[in-house]
Each structure stands twice: as structure tokens, then as C-alpha cells.
Amino acid sequence: MTKIFKQLGRHWAACLAVVALLIVQAYCDLSLPDYTSKIVDTGIQQGGIESPVPDTVRDTTLQALELLMSEDDAALADEAYSDPDADGVRTLDPDADTAALENAFTTPDVVLYMAAAKNAATAAGTTDTVVPTAYDLDAVATQLAAASQAPGAREMLQSQLTDGLSQLDETVADSLSSQAMLLVALEYDAQGIAHDVQMSYLLRTGGQMLALTLLMVAVAVAVGFIASRVSAAIGRDLRRDVFRTVVGYSNAEIEKFSTASLITRTTNDIQQVQFVCVILLRMVAYAPILGIGGIMHVASGNTGLEWIIFVAVAALLALIAVLMNVAMPKFKQMQVLVDRLNLVSREILTGIMPIRAFSREEFEEKRFDRANTDLMKTQLFTNRTMVAMMPFMTLIMNGTSLLIVWFGGKAMDLGSMQVGEMIAFITYTMQIVMSFLMLSMVAVMLPRAGVAADRIDEVVKTPSTIHDPAAPKALPADGTHGVVAFHDVSFRYPGSDEDALEHISFTAKPGETTAIIGSTGCGKSTLLNLIPRFYDVTEGSVTIDGVDVREMTQAQLHDELGYVPQKGVLFSGTITSNLKFGGDHITDADAAQAAEIAQATEFISAKPEGFDSPIAQGGSNVSGGQKQRLSIARAIARHPQIYLFDDSFSALDYKTDVALRRALKAKTDNATVIIVAQRISTVLHANQILVLDEGRIVGKGTHAQLMESCPEYQEIARSQLSQKELNLQKEGE
């Protein structure tokens, strides 16, 4: 996990920007339930009235309210309103002390409304509660105005007010503020502006909700954009680091990981890390912000239902813990099975022709099916485990909603909670539960991404056994160049118990051809691979012009070499791009000359596009012989000092082989040529022939010398050449 967060740390500025944007998004998300509550409770139930202090009030109603206030509160109220207009309506001063006015108006509003309701009930001839009208309000105001003319009227009213409050139901007394709104609504109705006030409030609050929603959408888009760029950059950097590391690997590291595994790590594993980085930025960073914010909103509400949230969160954590313990081992196993499937697929696709030739399709299908089925079973197990989580999550969420509605309904029945408050509480609870749900989903993804990150890190941190020296040496500035010498060289493959080469010593000089021949598996290619440092010697040393190849940089070493591998490898592009693969210094003339020496001009000219003819990936659109000739031409075009041919003439017919070697001899007259070959005809005219047998040199000399002194060479020669060619007619007789 730390490796994933380390990758995110490289983009700390973008991550901080994402966190800041997520805080804004969470603020918007957490504000919306409050606005919903306001629309339900204030906008719908209270007619858009937010305060017991009316913005406009008729003079008669204000005078009636002032009679129910203390003298100081009445003076404060009178000063807060303007003089009556032509309709007798007074307007509240915007700069008035609203808090003090609310304290002054709340109780008189309730009392005046109750008096109007009582008047309405009396007029209807019933003792039940009747909703008063503007007529009832005016009637009560008139009665109060008439009663106020008597001496001591205010004192009497204050006494009656005190007695009335003492008789109020406890629930009503606890909700005086909401009861006071009824009087304001009645007053607005009397003025004929009640509908306008309600619509104004709904439009204003709805507009604020819309603005917050649009801001939240914009922030979410910005977060997605930044998170995608960061994750894409992380994927790019990881692919670059892995590729740069793998390109520097020796054959030992390539074989240690396997090509299939390296491809999986470069593609599938990096995609896993890239995907989880997006999730981390968009969900993991957002979930705690949203959850903590939701808890703070719920805690500040004093609804008494907070225990429901703790029960839901505890159930979620228990569920997540169980699922993680069950699924975690399978996630780790899944990447190994993906590697195995890729390995089997690559082997089958690479060897499709031998498979068909030996009619082994059914066997290979079963082998692939086993690897495929193992992966499928593991994926099914993990997917079923994760799918099983969703019904339980839904059960917890719905159960939480049921508890809130049940206990919230009781609270509303007692008058301690309103409908909008319960809606907001449910919304906040769902946000808190969803934040834990998001964390649980990430907890599902993190283990697999963590395994992928470990696998990627293993590749990046595995050092190559072949590396440049700290203080490289340069080749001599003068003298003969291209002298390759093996000094008592022994080599053992990593993990092997036996040496592949033992005590090899020889010198290959410029202007001469050194050939290496021997039975299959005797170490010919291994010996050649020690020169370009595809492997390093176990004992002894390989030198070029007296400098150990391990003491010079690989770039410097490879600039001296023209290497033709045993299996011709071409790259997608054109014939020209492949011939110029050795460097930008190679001209068109160099490429054409190299093609002519390699006997490739004839088939190149036969193509409609000539040197611009396309080459498919791996050179699949050319024959084996053509591929081999182009590989040889690619090496010749570099004009190297040392040529290394690893059985590079095996796909050529004898006529082409002879013509190519004759042209090559003229071209490489001053260069060192080392040829690994299976055919005697290829090495017949070499200046020096090394005969290998089980990793040892058992013969060294020219063809004639070896025919006299080396039984192993004689055996190879007799198996390939006629008696006449060997000049052994007498022995045959």
C-alpha cells in the first residue's frame, strides 16, 4: 500500500488541489439536506416565514402585539418599523436588531394567534381548534384596542398573558417559535402577500440549492479531471521505469521473471495501480470528509437518534472485516494465476505450428483450459464475495432508514422533530453510511493493487547483474583495434550446478575469421554471448584491445560490435528502418551496400516498394532466409570493428551462403569476424576454428590442421562433406 501512496506523493500538488476541491464538494453535498429541510419545514409548512418578526405588518396588528409586550419591547418594536403607508402597513427596518425583536415578538405572536383561534372557534360554536382567518385576527385586534383604553389595561393584559402561558401545554410551550410563525402567516394572509412570500422563499432557497448543485458538479468534474491526469501520469511513469529497467536487464533477469510475467507486470499490474489511484483520489479522500461532516451535522441537531448511526457503522465495519479476511488471500493469488495464463497463452501462440504438426491441439487446449479455469474459479470466488457484500450493505442501509423513520415518527408525534429535520437526518445518515461503503469498496480494490504494486516494485528494484563500471576505461587511442581475447574463461548459468564453459582461451584478430563449431548444446552461443556481455564470465576475462569488457561501458562496447543473433529478429517498420537500426549515422547508401553484401538486394528489389516495403511485427511477412539476410545487413551497415555471427547462415542455401561470405570477406577485411556455425562449409576457410565439446575447447587451428589432429572435428566433417571434398579418397578405398 505504501508504494501506491509513494507514487501519489510524487504528485503532491495535484493531490492537495484534489483534497481542497473535495472539501468544497463535501460542503455542497452536506449543505443540500439542510436546504431540503428548510424547504419542507419553512417553505411548505410555515409558508416561507423564517422569523416571528414580520417584514411588513399592519398598524392595527402591531399595536395589538405591542399591548402584549413590556413597555421596553413595545418601544423597540415601534422604532423598528416605518410609519404606516396609505394602506396602514408598516415595513421593518433592515438594520433593526432582529435577535432582540424575535425575543419581543415570539410570545405576543403566540398569544394573539391563540386568541384569534379562540375567536374563530366561538364564532363556529365549537370547542375544537379552528384555524383562524384574517377576520378573526382583526376582531381580536379591535377588542384589544378597545380594552387598552381602560385604566391599567396593559397591566391587566400582562397578568392575563402570564396566566395563559402557565396553562399552555408543555409541547406547545417548547415550540413557541414555530407557533409564532402562524401569526405572521395570518398577518401576511390579511395583507394578501402570503403566496408571494412563500414563492419568494422557495425560489430563493431552490436557487441556492441549484447553485450549490452546479458548483458540486463543476468540482466533481475538476476532481475527476485532475485524478485522471495524476493516475495517467503514474501509469506512464511506472511503464517508463519498468521498461527502462527491463531494457537494462541481462538474460539472467529476463529468465528469472519470464517474458510473460514482465508483460503482465507492465500492462495488467500497472493498470491495477493506475485504476486504484483514481479511486483513492476520488473516493478515499472524499469518504472521510463526507463522513466526518455528516457526523458533525447530525451531532449538532440534537435529535436523540445519533445511536442509530453508530449501530449502522459498527455493522458495516464488522461486515467489511469478515469479507476482507475471506477475500484477501484470493486477491493475492489472482495475479499469480494471471501470470500463469499469460505464460501458457504465449507458449501456445508462439509454438502454434509445432502444435499443429504434432496434432497436439487437444492437449494444449486442455492445458490452457486448466490455467483459464483456475483463474476463473478464483475470480468467481472474489466476485461472489464482493457481490454478497451488496445485499448486506443494502440491508444495513434500509434497516437504518427504517429505524430513523420509526423513532423519528415518534419524535414528530411528540413535537420534538419536524418532517424536514427527519428527512435531513436520513440523508446525513445515508451519506455517512455511503462514506463507509466507499471505503469498503476501496478496501476491496487495495489488496489486489497492493500486490500489483509489489510486483512492479520487484522489477524496478531488481538490479541487473550486468552494469557499467563506476570508472570505465577507454579503448586505446592508437594501434590495432578489434582484438578479442578470452583469458581462461569459465561460465556457469545462474542457479546451475555445472559450468557451461570451462577454461576457454583464444584470441581473435582483425582481418581474420574465427569460427566456433561443435555439437548441439556444447556452449557455442554461450561463448559468443560473453563478448557483448549478455552474460558476465564466472572466471577469467574477455578483453577487447586489452581492456576487460566489464571495465568499459556497455554503450562503448556495443558500438564496437555488429551482432547477428541465432534467430533473426526484425522490428515493425520498413526494410530501411530495420537496416538503419544501428544508429542515425547510417546513410541510405550504407543500407543499400549492406543489403547487397548480405545478398538481400534481389528480393528487396522484387518488392513494389523496394526498401520502403513494410516489415510486420517480428518480421512475420518475410521468409526465414530473408529475415536472416536482413539481420546480417543490419549488422554490416554499422561498420563495426568486430562482427559476431551466431549461426546466422543456417537458413541460407549453399549458393547464397558462399556468395554472402565472399562479399562479406571483402567488406570485413580489416575487421574481426567470429562465426558460430553448424555447417563445415561455413567455417571451412576460417583462419582459426575452435572446436567445442561439453564447454571445453578440444581443437584449435585451421581446417587442414584439425582434420589431422581433432577427432571431434573429423567426425563433424565426415558427417557433412563428401570424400572428395575432404580429399580422403585413399582412405575411402
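Going from atom CE of Met376 over to atom CZ of Phe381 covers 14.0 Å, rounded to the nearest 0.5 Å. Put simply, CD1 on Ile642 and CD1 on Ile544 are 4.0 Å apart, with the number rounded to the nearest 0.5 Å. With values rounded to the nearest 0.5 angstrom, Ser577 atom OG is found 7.5 Å from Ile615 atom CD1. The line from CG of Asp269 to CG of Asp457 is 12.0 Å long, rounded to the nearest 0.5 Å. Atom CG of Leu280 and atom CG of Leu8 lie 6.0 Å apart (nearest 0.5 Å). Taking OG1 of Thr373 as the reference point, atom NZ of Lys366 lies at 12.5 Å (rounded to 0.5 Å).
Under the 4.0 Å criterion applied to side-chain N and carboxylate O atoms, Asp693 and Arg696 are not assigned as salt-bridge partners. The pair Asp559-Arg638 counts as a salt bridge, with a side-chain nitrogen and a carboxylate oxygen less than 4.0 angstrom apart. In summary, Asp647 and Lys524 do not engage in a salt bridge, as defined by a charged side-chain N under 4.0 Å from a carboxylate O. Between Arg240 and Asp237, at least one side-chain N (NZ, or NE/NH1/NH2) sits under 4.0 Å from a carboxylate O, which counts as a salt bridge. Ion pairing between a basic and an acidic side chain is recognised when a charged N comes within 4.0 Å of a carboxylate O; Glu364 and Arg367 show such pairing.
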Q) Yes or no on side chain to side chain contact (heavy atoms under 4.5 Å, CB included) for Phe243 and Val246, after CA distance, side-chain angles and deciding distance? A) CA-CA 5 Å; Phe243 185 76; Val246 171; 5.7 Å; no
(Q) Run the side-chain hydrogen bond (donor to acceptor under 3.5 Å, both in side chains) test on Thr514 and Gln688 for me, step by step, so that the C-alpha distance in whole Å, both residues' side-chain angles and the decisive distance to 0.1 Å come before the verdict. (A) CA-CA 5 Å; Thr514 298; Gln688 179 181 219; 3.2 Å; yes
(Q) Apply side chain to side chain contact (heavy atoms under 4.5 Å, CB included) to residues Leu341 and Phe368 and explain how you reach the verdict. (A) CA-CA 7 Å; Leu341 181 65; Phe368 177 83; 3.5 Å; yes
(Q) Is there a side chain to side chain contact (heavy atoms under 4.5 Å, CB included) between Arg265 and Val242? Walk through the geometry before answering. (A) CA-CA 9 Å; Arg265 295 171 196 239; Val242 170; 5.6 Å; no
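Of the possible donor and acceptor atoms, one in the side chain of Ser648 sits under 3.5 Å from a partner among the backbone N and O of Asp646. Distance alone, capped at 3.5 Å, is enough to place a donor-acceptor pair between the Asn621 side chain and the Ala616 backbone. At distances below 3.5 Å, at least one donor-acceptor pair connects side-chain atoms of Thr538 with backbone N or O atoms of Arg492. A donor-acceptor pair under 3.5 Å is formed between the side chain of Gln714 and the backbone N or O of Met707. No donor-acceptor pair under 3.5 Å is formed between the side chain of Thr574 and the backbone N or O of Asp612. The closest donor-acceptor contact from the side chain of Ser623 to the backbone of Gln626 lies under 3.5 Å. The backbone N or O of Gly482 sits less than 3.5 Å from a side-chain atom of Thr672, completing a donor-acceptor pair. Here the side chain of Tyr643 pairs no donor or acceptor atom with the backbone of Ala635 at under 3.5 angstrom. Side chain of Asn268 to main chain of Thr264: no donor-acceptor pair is present (N/O by atom type, distance under 3.5 Å, no hydrogens or angles).
Summarising the local packing, CZ of Phe611 is surrounded by more than 12 heavy atoms from other residues, nucleotides or ligands at distances under 6.0 Å. Within a 6.0 Å sphere centred on CD of Glu361, other residues, nucleotides and ligands contribute more than 12 heavy atoms. With a 6.0 Å radius and a threshold of 12 heavy atoms from other residues, nucleotides or ligands, Phe358 has its CZ atom at or below the threshold. No more than 12 heavy atoms of other residues, nucleotides or ligands sit less than 6.0 Å from atom CZ of Phe275. No more than 12 heavy atoms of other residues, nucleotides or ligands lie within 6.0 Å of CZ in Arg356, so this atom counts as exposed by the packing criterion. Applying the 6.0 Å contact sphere to CZ of Arg229 captures no more than 12 heavy atoms from other residues, nucleotides or ligands. Shown here is Lys509, whose NZ atom has no more than 12 heavy atoms of other residues, nucleotides or ligands within 6.0 Å.
Under a cutoff of 6.0 Å and an axis angle of 45°, Arg360 and Phe363 form a cation-pi pair.
Ring pair Tyr535/Phe491 is tilted by interplanar angle, where 30° to 60° counts as tilted.
For the pair Leu570 and Arg634, the minimum side-chain heavy-atom distance is below 4.5 Å. Counting heavy atoms from C-beta outward, Glu253 and Thr465 have side chains that approach closer than 4.5 Å. With contacts defined as side-chain heavy-atom distances shorter than 4.5 Å, the pair Ile697/Leu692 qualifies.
Side-chain atoms of Asp590 and Thr587 form a donor-acceptor pair, as typed in the model, at a separation below 3.5 Å.
For Phe534 and Tyr563, the ring centers are positioned less than 6.0 Å apart.
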